[in-house]
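Both counts, for ligands and for their atoms, begin at 1 and track the order of listing.
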Amino acid sequence: MPSVTNMLRDKNQHGQRRYSAFGLLRKGLSNQPWPRVWREVPLKDSYDVVIIGGGVHGLATAYYLAVNHGITNVAVVDKAYLGSGGSGRNTAIVRSNYLTPEGVAFYDRSLTLYNSMADDLNINVMFSERGHLTLAHNDSSLRTMHWRAEVNKLQDIDSSVIDPAEIKKIVPSLDVTSEARYPILGALYHPPGGIIRHDAVVWGYARAADAYGVEMHQKTEVLDILVEGGEGRDGKGAGGQVTGVMTNRGKISAPIVVNCTAGWASLISDMAGVDLPISTRPLQAAVTEPVKVFLPAVVVSGSLHTYVSQTDRGELVFGAAVDPYNNYSIRGSLEFTEGLAGHVMELMPGISRMKLLRQWAGLCDMTPDYSPIMGATPVEGFLCDVGWGTYGFKAGPVSGEAMAECIATEKMPAIIAAFGLERFAKGDLVGEKGAAAVGH
Ligand code: PYC
């Protein structure tokens, strides 16, 4: 939480105006326009770094480049608006109870950054550390929960397997009796997990990066990545050097181009002649009408292919597994709604009369081992922060921090050393499928 002394200051550490409660009221009642959250400036024809993708990953990379490394001649370009991709389409869950030691350390750093974000970025990101329960309905998932708990504990992550009676104390509305259609045998309980306001995270990073001079260019679509001297088609691919990007608003020169997209990661990388082992699947989610708060924790059921949390407004937010086929559609389907309703009824029969208000989909770039692809590529100056599958939003802060370090130092930071593209050729996979919220 922001300290009282900080709240009383007029400006935060980035030199941005802070409003006191009275200041906010005064401003709201005046007919002066609110200041823009980030500037709209003309697109230049060259930058030190061009970041493709104005979601949490791209904006966090820009922010940490500026704040940690003093690199500010940076443009973040997005073909739509900031946060219009995966950052605005996820179910806002954050956690670090992963399966591999590499994954645990990485997501734990992200959770730490999420914890201090309200203060660091001077924005109310509504982080709610409410605990995260992954239910086990059969022996094999209980075994995986024990495995994750042990890996977590070795890295001091608060995770343990609890029994049905303890689950009932945390979420009284769950049926933990043996009469349930899918009896609950236990759960992986992770108290530091929770939810956060995803739009605020995007706006917070954008505003803080802007204060350092980083430029955000919306409606700026990358049509091609310019590469010279490569061994592949059109002089692209391995051995080449990136020289910039071609956009719908003209050419931009840059010695460093970073692919921070989700959903289009393989198509963007292909523009540089870099093949990525990614297949793209929609993941659908839905939200109900608001009701009185009754669900105090995030509840996940892999066997029932769903996870649910209740927002501060009282809505239930549900997500599912990725659709079982490759697709670039972000429309919801009736098939999903029917499947979700069926599974939710098995888990929480008591909410059978609640109405769904909205449904949507986001695109997940799935890699063979469910871990991301980060760092350098065979094209000099072309870097990737992609392949997030269903884990992208929770990884945003640490990815930005690590990618910024990778760009500034030209070295792979230890925290992402396991996630390089070369691991697929070497067979050094980081199997993180067992930490997915639901079976895919
Ligand atoms: O891994 O916690 C998770 C998750 C939630 C939604 C998509 N993935």
Side-chain angles (χ1 to χ4, degrees), residues 55-57 85-100 102-104 106-108 110-111 114 127-136 141 144-145 148 151-152 157 159 187-198 201 262-263 280-287 295 297-311 315-324 330 332 336 339-340 343-344 347 359-367 369-372 387-399 430-440:
V56 180
H57 285 249
S87 298
R89 299 178 163 274
N90 57 80
T91 47
I93 297 170
V94 293
R95 63 185 175 95
S96 63
N97 55 355
Y98 278 72
L99 178 65
T100 66
E102 296 85 352
V104 172
F106 178 75
Y107 290 95
D108 184 48
S110 224
L111 205 46
Y114 270 130
F127 181 37
S128 165
E129 190 186 71
R130 55 180 58 187
H132 183 282
L133 282 165
T134 312
L135 306 178
S141 33
T144 308
M145 298 314 143
R148 279 169 66 181
V151 175
N152 290 185
I157 306 300
S159 268
L188 180 67
Y189 181 43
H190 177 50
I195 55 172
I196 194 162
R197 174 85 200 276
H198 50 11
V201 173
T280 299
R281 306 277 186 95
L283 186 151
Q284 300 194 45
V287 64
L295 186 64
V298 180
V299 176
V300 176
S301 169
S303 310
L304 293 174
H305 303 289
T306 191
Y307 32 90
V308 56
S309 66
Q310 188 167 23
T311 68
E315 302 144 333
L316 295 182
V317 178
F318 289 104
V322 291
D323 285 352
I330 48 171
F336 157 76
L340 176 74
H343 289 141
V344 167
L347 194 62
Q359 66 183 102
W360 66 93
L363 295 179
C364 299
D365 285 333
M366 313 300 292
T367 63
D369 60 359
Y370 286 61
S371 286
W388 288 101
T390 60
Y391 301 146
F393 175 68
K394 44 187 84 44
V398 65
S399 303
V430 190
E432 204 58 91
K433 186 170 183 177
V438 297
H440 296 296

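Applying the side chain to side chain contact (heavy atoms under 4.5 Å, CB included) test between W360 and each of V287, L283, I330 identifies V287 as the sole match.
Considering backbone and side-chain atoms together, R95 places an N or O closer than 3.5 Å to an N or O of ligand 1.
Close contacts between ligand 1 and K394 involve ligand atoms 1 (O), 2 (O), 3 (C), 4 (C), 5 (C), 8 (N) [criterion: under 4.0 Å to a heavy atom]. Each of the following atoms of ligand 1 lies closer than 4.0 Å to a heavy atom of Y391: 1 (O). Within the listing of ligand 1, atoms 1 (O), 2 (O), 3 (C), 4 (C) sit less than 4.0 angstrom from a heavy atom of A437. Close approach of ligand 1 to T91 (heavy-atom distance below 4.0 Å) involves ligand atoms 5 (C), 6 (C).
D365 places no side-chain N or O within 3.5 Å of a backbone atom of T280 that could act as its donor or acceptor partner.
The aromatic rings of Y98 and Y107 sit parallel to each other, their planes meeting at less than 30°, with 60° as the upper class boundary. Between H343 and H305, the two ring planes are tilted [angle within 30° to 60°].
When only non-hydrogen protein atoms are considered, atom 8 (N) of ligand 1 lies nearest to T390 O, 2.8 Å.
Because its NZ or CZ atom is not both nearer than 6.0 Å to the ring centre of F127 and within 45° of the ring axis, R130 does not count as a cation-pi partner of that residue.
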